[in-house]
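Reviewing the structure listed below.
Indexing begins at 1, ligand by ligand and atom by atom, following the structure's order. Owing to the predicted nature of the structure, the values given are computational and were not obtained by experimental measurement.
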Amino acid sequence: MLSTTLQEALNKQVKHEAASSQSYLAMASWCDIQPGLQGVTEFFYQQSEEERQHMLKLVKYINERGGMAIVPALEQPIITFPSLKKLFEEFLKNETGVSESINDIVHLALQEKDYATHNFLQWYVAEQIEEERLARTLNEKLEMIGEDRSGLYLFDRDILAYRTSISKGDGGHRH
Ligand code: OFO
């Protein structure tokens, strides 16, 4: 059985994941109406879907452990961006925030000696390492590209492949 404190913390995380899903959906939708960003558009549609899965996993876990998952109300995310660079900075900022919040719950689970929840959260810990690395790599690439349009063309063309290579753990930019 989950403690009330842990249940609240996990429900807060449900909201965080749901809000991430909405943010990435808004990013996908904004990219969708910019010229030539089909790759980035698809990347964020997929990213949004992934965050929904992260949320769902938490909802099911809370219920499974005798708690009650709360499907949250959400604020509207940012829907327009001054540039693609700013959009990717937001992406990294959001992922860093998610990692911090996961770490806080891991800490709480240990304090409460809830080893089942601690174990459950390890999946999220690993996921966040990957997501942060991906977001950081993409930001670094955009920084290098600057205003170079052919660089941007390649970035958009290859972005889905970067994700695959980074999740395989090769850093995505070293091969
Ligand atoms: Fe679920 O927050 Fe990123 O991956």
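Remark: side-chain polar atoms of Ser21 are not paired, donor with acceptor, to backbone N or O of Glu17 under 3.5 angstrom.
For residues 52-76, every residue pair satisfying the salt bridge (Lys or Arg N to Asp or Glu O under 4.0 Å) rule, not counting sequence neighbours, is listed here: Arg65-Asp114.
The aromatic rings of Tyr24 and Phe44 sit tilted, their planes meeting at an angle between 30° and 60°.
In this structure, the separation between CD1 on Ile70 and CD1 on Ile62 is 8.0 Å, given to the nearest 0.5 Å.
Clustering of Ile, Leu, Val, Met, Phe, Trp and Tyr by side-chain heavy atoms under 4.5 Å joins Leu25 with Tyr45.
By the criterion of a separation under 2.8 Å, the protein N/O/S atoms near atom 3 (Fe) of ligand 1 amount to Glu51 OE2, Glu95 OE1, Glu95 OE2.
The side-chain contact (heavy atoms from CB on, under 4.5 Å) test applied to Leu110 returns Tyr115, His118, not counting sequence neighbours.
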